[in-house]
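Please read all numbers here as calculations on a predicted model, not as lab measurements. Residue numbering restarts at 1 for every chain, and letters A, B, ... go by the order of the sequence lines.
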There are 4 protein chains.
Amino acid sequence: MTPPRSDPDTGKRDVILDAALELFAERGFHGTAVPLVAERAKVGAGTIYRYFESKEHLVNALYRREKQRMTAALADGFPFDQPPREQFHVLFERAIAFMKGNAISVRFLELHHHAAYLDAESRALEEHGNALVEAAFRASIAQLAMRDLPPALLVAIVWGVFDGLLRAWSEGRLELSPAVVAQAEQCCWEAIRR
Amino acid sequence: MTPPRSDPDTGKRDVILDAALELFAERGFHGTAVPLVAERAKVGAGTIYRYFESKEHLVNALYRREKQRMTAALADGFPFDQPPREQFHVLFERAIAFMKGNAISVRFLELHHHAAYLDAESRALEEHGNALVEAAFRASIAQLAMRDLPPALLVAIVWGVFDGLLRAWSEGRLELSPAVVAQAEQCCWEAIRR
Amino acid sequence: MTPPRSDPDTGKRDVILDAALELFAERGFHGTAVPLVAERAKVGAGTIYRYFESKEHLVNALYRREKQRMTAALADGFPFDQPPREQFHVLFERAIAFMKGNAISVRFLELHHHAAYLDAESRALEEHGNALVEAAFRASIAQLAMRDLPPALLVAIVWGVFDGLLRAWSEGRLELSPAVVAQAEQCCWEAIRR
Amino acid sequence: MTPPRSDPDTGKRDVILDAALELFAERGFHGTAVPLVAERAKVGAGTIYRYFESKEHLVNALYRREKQRMTAALADGFPFDQPPREQFHVLFERAIAFMKGNAISVRFLELHHHAAYLDAESRALEEHGNALVEAAFRASIAQLAMRDLPPALLVAIVWGVFDGLLRAWSEGRLELSPAVVAQAEQCCWEAIRR
DNA sequence: AATGAATGAGCTTTCATTCAT
DNA sequence: CATGAATGAAAGCTCATTCAT
C-alpha cells in the first residue's frame, strides 16, 4: 500500500520539472540553458538526462504536466448537471483560482502555446482542453442559454478574456479582488449569454 | 520609365526588419539565429550589424516599428467625436482588419510582450497603446455608455477577446467572416456596455 | 609507486596558461585565437572558459603568474645585508639565469608591458617590481656606492641593459657565455657605480 | 623643378601611413582594424587598398619608412672623423632628440620588432641599423677607446639603455631634462669605454 | 581615382550533451 | 545512480577585403 521503495528521489523528476517551469516561464525555452535548470533544481547537469532524453523532451513533459494540471483543476468533478449560468460561474471561479495559485504555470502554457518544439502528444492535449469547454458550451447553446454562435467563437471570447485578465493582473495593471472577479465574470457572461 | 529596378534601395534596413519579423514571430527571439535572419533577408550576416548594434537592438527596433504601425492603424484619425457605440465599432473593425492583414506582426507583438530584452523605450510604447484605449474607454464610461468598472478591466476584456480571436483564427479553429466579426463585435460590446 | 599517471590533474588551468604563454609571447594577444590556445593545451575550446571568464581574464591571469614568478626569482631571499657590489652581482646573475631559463616568459612580459587590456591589478604588479629595485638602489646610493642620480634613471639603465641582452641573445646576435655575462655585469656596474 | 602634377593627393599615401603609425603604436597590428586606419586618415576604406596590397603590406611599408627615418636621423652626416667620445656624444644626443620628437615612431618600432608579419626586406633593415652602429663601435675599439668586447655586446648595452630611457620617460617615471640626459650619457659611456 | 556599403570567413563565447569518476 | 568537468558545434559579432557607384 505504501510506496514500495526508499522514496528519497521519487521526487527528483518533479524537482527538475519545477525548476524548468520557473525558468521556461521567465526566459522562454531557447533562453534557458540546461545547466541553469540543473542548478536551480540542485541537481547535476547530467542527472537531467537520466530523466529526460533531451531538452525538447523536457519541455514536452513539462507542458503535458502543466496542461493536465490545469485541465484537471477546471474539469474534475465539473457540475455538468447544473444550469448553464451556474456552470459558467464554476468555470470562471476555478479558472481565476488556478490562475492566482499557478501564475507561473499559466504564463508557461501561454508562452509555449503552439511552439515548434511541442510534439504531437502535447499538441493533442492542447486540443483536448478546448474540446471539453466547447462541448459544455454546445450544451448551453442547445439549452438556449448561450447565443447560437460558433462554439469556437464563444470559447475564443472566454479564453481571451481570461488571458486579458491574467496579463493585466500579472503586469500589475489590475487587482483581482473578489469584487472585480465577480464583475469580470458578469461581463464575460453578458458577452456570450443569449 | 527608368530601368525596372529589381529593388534597389527599398531600404536594406527594412528588408532586414521584415525578415526578422517573420522569424521572430515564428521561432521567438532566442530561437532565431542572426545568420538565419541574414539569409532570409538575402543579405550578408555582417550587414545586419551595419544597421543594428546587436541582436537586441534589432528586436527592439522591430518591436517599435510594429507597435507603432499597429497603434497608428488603430488610432490615426480616430472618431473621438462619434458616440461610444460607433467608436467601439470603428475600433473593432480596425483591429480585425489589422489582424487579418498583419497576422505576423500581431503574433510577434504578442510573443515578445514584456520580454526581458525589451528596453525602456519599447516598454514605454507598450504603455502608450493601453493608455490611449483606456482614455477612450474612460470617456465612454463618463457618458454612461460603458459599465462603471475599472478601465483597466474593460481594456483587459477587449484586448483579451482580440487575442482569443487572433489565436482561434490563426490556428484555423475559427473563420473570420464578416458575419462572425459582426457577431464577435456585438458579444464584446455586450460585455462592456452599460 | 603509484601508477605513472600521464599527467592527471597537473591543473588544467596551468596547462592552459602554459599554452597561452607560448602563443601570446610568439604572436601577441590579438594575434592569438582562443581555439589555438585550446589546441596547444590539448583541451576543448569551451574548457578555457571554465577556467577564465574571457580572453582578457586569461592574459591578465597569465601576466600576473609570470610577473610574480620573475619577481620571486629575483627577490626571494635577496641578500640585502651584503655590500652593494655584491647585491648587484646577485641581481645580475639571477636576472640572467631567469632570462636563460624563461626566455618565453620574459618575451611575453616585455611584449605585453603596459598593454591596454591589462587590468588595474596587473598594472599594480608592474609597479611593484620596479619599486623593489628602486628601493635597493636608493640604499646603495645612500651608501655612496652608486652615483647620486635619480633612482628611476639607474633602474632604467639596468633594466634597459637586461632587455638589450635578452634581445641580442634571443635573436642570436650574442652568446651569453659565462665570460660574456661577467663582462656585461662589469659594464653595467661601471654605468651606475660611483 | 616643381612636382610635375597637381599634388593634392601626393600625400595620401603618407596620410595613411601617419594614421597607421599612431594606431599600430597604440594598439598593435592585430589590435587595429583597417577601417579604423581609414577613418583616422579621413580616407575611404577602399582607398587604403589602392596604395597597399594588404594590411601586411601596410605595416611593412610603415616599418620601413620609420626605420629609415630613424636610421637617417642617427647616421646622416655622422662625424666619423671625430674622436670616439665625441662620436658617442653625437650618437647619444641624436638618439635622445629623435626619441623625444618621435616617441610614437620609436614605440611603433619597438612594438613591431621581429614580428611574424614583417617580411624579409623589413628584417634586412633591422640588421642594417645595428650593422652601422657595430661598425662605428668596432672602430672605437680599434682606437682603444672602448673595451675590447664583442661589438654585439656593446651595441646591446647601448640600445638597451636607450630603450630603458624611452620606457621610463614615456611612462612618466623619468623626466629627460638636459641634465638627466647628460648624466645618462656619461653613465652609458662609462659602461663601454675602456 | 575614391568611396564606403557589403560581404563572409573567422573570432570570441555559449551551451546541449556526454562520460569518467 | 548521480555528478559536473569537458567538449565541440554553433551562436553572436568583427573586420580584411572587394566592388558598384
Under 3.5 Å donor-acceptor, [X] side chain and [Y] backbone:
X        : Y        : answer
B:Thr32  : B:Gly28  : yes
B:Arg123 : B:Ala115 : yes
D:Glu126 : D:His114 : yes
A:Asn102 : A:Ser105 : no
D:Thr71  : D:Lys67  : yes

Output the rounded distance in Å from [atom1] ([X]) to [atom2] ([N]).
X       : N      : atom1 : atom2 : value
D:His30 : E:dA9  : NE2   : P     : 20 Å
D:Ile48 : E:dG4  : CD1   : P     : 12 Å
B:Tyr51 : E:dG4  : OH    : C1'   : 11 Å
B:Arg13 : E:dA5  : CZ    : P     : 15 Å
B:Leu36 : F:dA10 : CG    : P     : 14 Å
B:His57 : F:dC13 : NE2   : P     : 10 Å
C:Leu58 : E:dC11 : CG    : P     : 16 Å
C:Glu39 : E:dC11 : CD    : C1'   : 15 Å

Shorter than 3.5 Å, N or O on both sides, protein versus nucleotides 17-21 of chain F: list them out with atom names.
{"unit_1": "F:dT17", "atom_1": "OP2", "unit_2": "D:Tyr49", "atom_2": "OH", "d": "2.9"}
{"unit_1": "F:dT17", "atom_1": "OP2", "unit_2": "D:Lys55", "atom_2": "N", "d": "2.9"}

Original post:
When you look at A:His128 and A:Gln68, which way does the side chain to side chain donor-acceptor pair (under 3.5 Å) test go after all the steps?
Top reply: CA-CA 10 Å; A:His128 181 60; A:Gln68 275 161 342; over 6 Å; no

Subject >> Toward the 5' end of DNA chain E, by each residue's nearest nucleotide, D:Lys42 or C:Phe29 >> reply: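 Looking at the nearest nucleotide for each, D:Lys42 comes out on the 5' side.
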
Original post:
Can you pull the salt bridge (Lys or Arg N to Asp or Glu O under 4.0 Å) pairs that have at least one residue in residues 24-51 of chain B, sequence neighbours excluded?
Top reply: B:Glu22-B:Arg40

Subject >> Aromatic ring proximity C:His30/D:Phe29, centre distance under 6.0 Å >> reply: no

Original post:
Should A:Arg65 and A:Asp18 count as an ion pair when the cut-off is N to O under 4.0 Å?
Top reply: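 Yes, A:Arg65 and A:Asp18 are salt-bridged.
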
Subject >> Base-pair map of DNA chain F as dot-bracket, where | denotes pairing with a different strand and pairs are Watson-Crick or G-U under 3.5 Å >> reply: .||||||||||||||||||||

